[in-house]
Amino acid sequence: MILQAVADTLPLYRDFPIIGSRGAVWIAAELHLMFAAFVLGVPMFAVVAEAIGIFGKDQRYDRLAKEFTRLLLIAYSATAIWGAVLTFLLATLYPRFWAYLTQIFGASMWVYVSIFFFESFTLYLYYYGWDRWKVGRSKIVHWSLGILLNIWGTLVMFIADSWLTYMMTPPRDITPETATTSIKIWHAIMNHTWMPINIHRLIGNVVFGGAIVGAYASYRFLASTSDEERAHYDWMGYVGNFIAIAALIVLPFAGYWLGREIYQYDQSMGITMMGGFMSWLWVIQAFLIAVLFLAGNYYLWIGMGRIPGAERFRPYTKWLLAVLVIGAIVWGTPHTMIADSRELTAMGGSHHPFLGVLGVMSAKNTAVNLMILATFLSFLMYRRANTRPVVPWAKTGTQIQGAMFAIAAAIVLFYGIRGYFVEAIVRIGYSVYQVGAVLACIVFVTVIDVLLARGAESRGTIQWGKMPPRSQYALFILAVTFTWLMGLMGFARSGIRQHWHVWQVIPDTSPYAATPALGYAAIMISVCVLIFLALVGFIFWLGGLAEKSTFVEAKHVGH
Amino acid sequence: MRHHPFWQSVALLLIAYVLIVFGIPMLPGSALVPKSVVLQYMLTVLVGILIWVSDDEARWTRFKEPLHAVLVESRLKTIRNGLLGALTLMVGCFTYSQVRASVAAPPNLRSIHPAPPSQLTFRGKTISLTGLENPLRAQGDMATHLATGRRVYYQNCMACHGDYLDGQGHYATGFNPIPLNFQDNGTIAQLTESFVFWRIAKGGPGLPREGTPWNSAMPAWESFLTEDEIWAVVLYLYDATRWHPRTWGETEGGGHD
Amino acid sequence: MWAINLRIAAVVLGTLAIYTLIANKIPQVQSEVPRALALGADVTPEQLVSAGDELYNGSGGCTACHGLGTRAPNITSDEKGQGAIGARCGSREPGKDCKAYLHEALTRPGAFVVPGYEPIMPDVSRTLSPQQIWALVAYLESLGGTVTVTAADIPAAGGLTPGASPGNTQSGGGSTAFAGGSTDPMAMLRDGGCVGCHKIGEEGGAVGPDLSRVGARLNAAGIREAILAPDAKISPGFENFAGIMPKNYGEQMTAGQLEALVRFLGGRK
């Protein structure tokens with residue numbers, strides 16, 4: 001009751017100079033989110049790398065993990081700083097709304113703060129204990145500290161997700177008249193989109209972590225002076241790129257689940273997202289993902305230059321490229337085209353009589369699935385390039401793999417074309433078959449490949465470090481594109497609330513209630529990405545200052 | 001010369017351009033490709049070609065040879081000057097074309113399926129659209145409803161949407177964009193019946209802001225038809241085209257259409 | 001080292017620039033806040049006044065008459081030394097406070113005609129929603145007085161449809177046709193407010209072209225266009241008055257009324 005009285009005396013809104021309240025909160029929230037994704041994604045990366053180091057007896061991975069944990073220390077404080085800025089801005093610029101949120105989620109906010117506290121100390125222990133707990137059982141203890149770190153991080157993210165998903169999809173029984181005191185906190189947390197967003201962000205963080213690791217490695221690669229350093233960072237860039245692309249392939253399924261939940265929660269919210277004023281956002285998204293696919297593959301193909309034996313596969317890469325380019329063209333074909341009045345008359349509407357066929361779901365799903373298959377094939381060739389299988393069934397195995405690719409591609413194409421002749425409801429089901437075929441192909445082919453590679457002979461040492469600089473710029477483009485894409489999808493998720501703080505519960509009556517157009521959003525996203533990358537660059541540079549000594553040390557350890 | 005990557009790239013670009021600008025419109029039932037799409041396709045192809053020439057060290061070096069030669073060799077001075085002149089001229093022309101005053105209406109963006117409101121007011125009565133099914137499916141005799149729908153269609157809609165519900169009515173050519181073709185699998189086949197009801201009841205004037213500029217000439221039929229007549233004509237549309245309305249149970253996300 | 005840093009910066013900035021450019025190149029659509037929503041339960045006087053201001057000077061069409069100073073009282077600044085409307089509305093009619101007076105003046109304009117002026121004002125409730133009328137009242141009060149309109153005065157906005165324009169909710173039925181749907185031309189000309197500006201026979205003002213012999217100048221199609229799209233062609237000599245004639249007659253009349261009026265005017269030769 002007292003809380004309520006306090007809330008009522010608060011001013012509704014305050015303004016922020018020049019960029020306005022919306023802009024201020026936008027930048028603070030976006031940067032907080034990017035750093036948070038960084039400090040959640042990189043520990044996952046570090047723990048996996050450490051595990052490979054322990055169980056695979058490969059010192060390189062251990063060093064990689066440690067190098068990243070050092071960057072985490074600084075990134076952690078950046079996350080906390082931006083979090084504080086965001087809280088401060090929300091509380092001062094949107095006092096009434098902030099009071100509403102704290103009335104519902106107050107308890108979880110305290111839990112959040114304490115977990116963040118635990119997380120920080122686990123991180124300090126993890127990093128500073130690295131050299132202390134180095135061998136035997138204590139190394140395992142150290143590794144479990146890393147796992148604990150990830151558990152804290154995931155919990156923190158889940159709690160924060162509950163606040164923003166509540167704003168998007170408050171439980172249906174909550175109306176503008178519902179007293180905040182009567183809302184059970186667990187009821188508010190368990191809203192429609194909470195779990196889908198949790199999963200989507202978890203995978204997204206892995207992708208993001210991999211991309212940032214790749215960018216870091218490429219920066220150090222370009223700056224390195226010795227061959228050994230170059231070899232190390234070349235390899236690190238490859239690992240980062242591999243993890244990012246591999247996790248990216250799974251990400252659309254989590255996104256699909258999220259989209260489905262949004263549709264089921266509120267049809268008009270779903271249509272606003274997919275077909276309403278945001279429909280063009282998806283064409284931009286398609287463009288960005290095409291850039292990701294092309295840049296990722298480009299990096300692999302250039303990387304074949306350092307692998308003895310990769311010449312065998314060279315002639316095939318141009319056909320993979322053709323598949324990717326045609327896929328990008330089909331995927332990017334807009335359903336509703338931008339055209340001037342003369343072109344509109346010639347086409348008889350903004351829907352092209354022939355290319356319009358490429359602008360629908362069936363074509364786009366087919367294109368994406370084929371692009372995923374092509375990327376996977378690139379990886380496979382890259383993996384296979386250096387080895388000569390010795391198992392007796394090597395030839396048959398390769399033929400079976402080839403057949404699996406052919407079958408998967410055929411299934412994708414068959415359902416893609418058939419999709420034009422059936423109704424929407426059936427067609428939606430088809431995308432499941434297409435995706436299933438691709439996933440099954442990836443799983444089975446990988447299993448066969450692992451078996452095939454048993455005891456395989458090498459065709460010569462991989463010349464790590466023998467990479468032209470342009471491949472490293474491709475990694476940069478990947479990192480920038482991932483970050484930008486994250487900002488764009490965040491805008492989509494937040495923008496579909498339109499003029500509501502809490503969807504159909506608390507209206508936004510501030511001067512910034514209108515949802516801006518894509519152009520404005522793109523400028524904001526670019527500004528956020530730029531600030532983020534500048535800060536991350538600074539962190540990398542700081543990391544480099546301390547790096548000098550460890551590198552010499554690592555040399556003695558040898559590998 | 002024939003296998004030089006530089007000239008191969010140039011040839012590929014030209015082929016792609018010819019295919020997109022002249023090839024696609026020649027296909028049966030096709031039309032010219034809008035400039036924005038040509039630009040998009042050509043950029044994608046260009047990026048693909050650049051990837052192809054630079055993903056192999058040897059090819060990349062050979063690719064750069066002619067460029068390098070043109071820039072430094074003294075015997076190619078005429079070509080160099082010519083290229084520089086042409087480039088300057090191109091930038092000039094481009095700038096001019098961008099700033100020139102034009103009489104054409106600016107391209108506009110229109111959303112095919114605007115978000116419906118969650119409820120609407122039909123002659124003063126509030127109807128909630130969320131989860132709404134066609135009430136006529138549950139009551140009365142289907143044949144009667146279809147007969148009503150058929151009568152309503154031929155009295156009101158046929159002039160624009162056509163005898164075969166294909167958007168080729170008598171007045172169709174007078175509109176830009178042309179009336180909706182219900183036979184196409186991209187129109188009513190993608191929508192729930194309540195969405196179709198909303199569009200008929202509120203017509204062009206009732207489109208939400210993000211749906212504009214829509215240029216829809218369709219009247220708001222709520223002024224002329226009763227609620228049941230609209231539901232009946234919705235039934236008739238689906239019956240005559242043999243499409244099935246999208247149902248509420250499985251309206252999943254996905255799709256950029 | 002600096003060359004590398006610069007190159008990296010160029011790659012990053014270039015990529016960002018391309019994305020930003022593409023997103024800005026496509027036509028921009030902003031999702032606006034539905035108008036009616038601004039007048040919700042927690043509406044502030046400032047919001048009401050600004051909404052009313054927009055209506056008064058914009059789509060409401062009020063300035064067509066109020067403001068020129070000849071056909072209707074100048075209510076925004078000074079009418080014959082009496083000051084703006086907000087300062088004197090409370091004392092205009094005994095027993096009616098400012099708010100009640102203004103609301104009635106808007107919805108029953110014939111009730112209080114200022115001496116010296118013709119009764120030409122149309123009932124604004126035909127074109128504006130109740131919420132919009134209250135916003136207008138608030139705006140008029142703010143001109144020299146204090147705003148007393150509160151959320152309690154405003155009837156709950158029925159059928160608030162997020163994403164739909166408020167115009168949606170009131171375009172039902174045929175009840176908005178003026179002159180009660182009558183096809184009597186003179187009744188339409190009077191009730192539609194036409195004679196406020198146009199002279200026809202002995203009746204009417206002189207702001208717009210004289211309609212007494214309009215049939216000699218325009219054919220039926222021309223008259224129809226002049227009613228439905230008043231600014232499409234401006235009669236010579238009336239260029240300064242372009243934009244004054246309301247553009248929504250097409251929405252206020254039934255097709256029968258329009259045709260009757262066109263026939264009637266076409267016959268005036």
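Order of the sequence lines fixes the chain letters, A, B, ..., with proteins taken first and strands second; residue numbering starts at 1 for each chain. Hydrogens, waters and symmetry mates are skipped; everything else that's a heavy atom, side chains included, is used. Just so it is clear, the model here is predicted, and its values are computed rather than measured.
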Top contributor to chain C interface from [options] [non-hydrogen pairs under 4.5 Å]:
{"options": "A:Ala215, A:Ser526, A:Ala521", "result": "A:Ser526"}
{"options": "A:Phe287, A:Phe476, A:Trp484, A:Tyr219", "result": "A:Trp484"}
{"options": "A:Leu530, A:Thr483, A:Leu488, A:Leu533", "result": "A:Leu530"}

*Counting a contact as any heavy-atom pair under 4.5 Å apart, which residues of residues 6-16 of chain C contact chain A?*
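From residues 6-16 of chain C, the residues near chain A are C:Arg7, C:Ile8, C:Val11, C:Val12, C:Leu13, C:Thr15, C:Leu16.
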_Close side-chain approach of A:Ile284 to C:Tyr19, heavy-atom, < 4.5 Å_ = no
*Heavy atoms from other residues, nucleotides or ligands near CZ of A:Arg470 exceed 12 (cutoff 6.0 Å)*: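 Above 12, so yes.
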*Interchain contact, A:Thr225 with chain C, by part (heavy-atom threshold 4.5 Å)*: neither
*asked:* Need one label for A:Leu288: side chain, backbone, both or neither, based on atoms under 4.5 Å from any heavy atom in chain C.
replied: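 For A:Leu288, the contact with chain C is made by the side chain alone.
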_How close do C:Asn24 and A:Ala522 get, counting heavy atoms only, and between which atoms?_
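Answer, listing the atom of C:Asn24 first, then A:Ala522: ND2-CB, 4.4 Å.
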_Residues forming a salt bridge (charged side-chain N to carboxylate O under 4.0 Å, His left out) with C:Lys25, sequence neighbours excluded_ = none
